[in-house]
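Let me begin by presenting the structure, written as structure tokens, before commenting on it.
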Amino acid sequence: MRTEDKENFVPATPFTLEELEKLKARGFNLVRVNAFTQDRHMDYMEPRYFMLTPLRNLPDDINQKGIYEPIESELLKSWATNPDEGIKVFVGHSPSDQV
């Protein structure tokens, strides 16, 4: 297993309106959106599911490039409102989320 893939195995929760509200209440301002195939390889071309990583601020490190979405976006609200439609969306919970 590649290191990149090992890093993507984090506990996850289905993304619902309740989860969205929890993220807002905990002070998160945006999420990083990663797309994965069925075998958990990062792939934005043919994703099987999305993994959202909550963040308070954009990273300063240039190596942390990615796709970020504001917590108040209509896209996130749509995904949370309709969790059983389209591509599955999950919220990843890492130790850094526990701040």
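Since this is a predicted model, take the numbers as computed values, not measurements.
The aromatic rings of Phe90 and Tyr49 lie perpendicular to each other, with more than 60° between the two planes, well past the 30° mark.
Evaluation of the salt bridge (charged side-chain N to carboxylate O under 4.0 Å, His left out) rule for Asp61 yields no partner, not counting sequence neighbours.
Heavy atoms from other residues, nucleotides or ligands lying under 6.0 Å from NZ of Lys24 number more than 12.
In this structure, CD on Glu21 lies 9.5 Å from OG1 on Thr16, to the nearest 0.5 angstrom. Remark: Phe28 CZ to Asn57 CG distance equals 10.5 Å, nearest 0.5 Å. In this structure, CG on Asp43 lies 10.5 Å from CZ on Phe36, to the nearest 0.5 angstrom. The distance from atom OH of Tyr68 to atom OG1 of Thr53, rounded to the nearest 0.5 Å, is 8.5 Å.
Nearest approach of Ile67 to Tyr44, heavy atoms of both residues: CD1-CE2, 3.6 Å. Shown here for Val31 and Pro54, the closest heavy-atom pair between the two residues is CG1-CA, 4.0 Å. Heavy atoms only, all atoms of each residue included: Leu52 and Trp79 are closest at CD2-CZ3, 4.0 Å. Here the closest heavy-atom approach between residue Leu17 and residue Lys77 is recorded as CD2-O, 4.4 Å.
A donor-acceptor contact closer than 3.5 angstrom links the side chains of Asp39 and His41.
Between Leu23 and Leu76 there is no side-chain heavy-atom pair separated by less than 4.5 Å.
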Inset, instruction - Verify salt bridge (Lys or Arg N to Asp or Glu O under 4.0 Å) between Glu19 and Lys22, making sure each step is shown before the conclusion. - result: CA-CA 5 Å; Glu19 284 300 313; Lys22 284 181 186 178; 3.4 Å; yes
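Judged purely by atom type and a 3.5 angstrom limit, Arg32 uses its side chain to pair as donor or acceptor with the backbone of Lys65. With hydrogens and angles ignored, the 3.5 Å screen pairs a side-chain donor or acceptor of Asn29 with a backbone N or O of Arg56.
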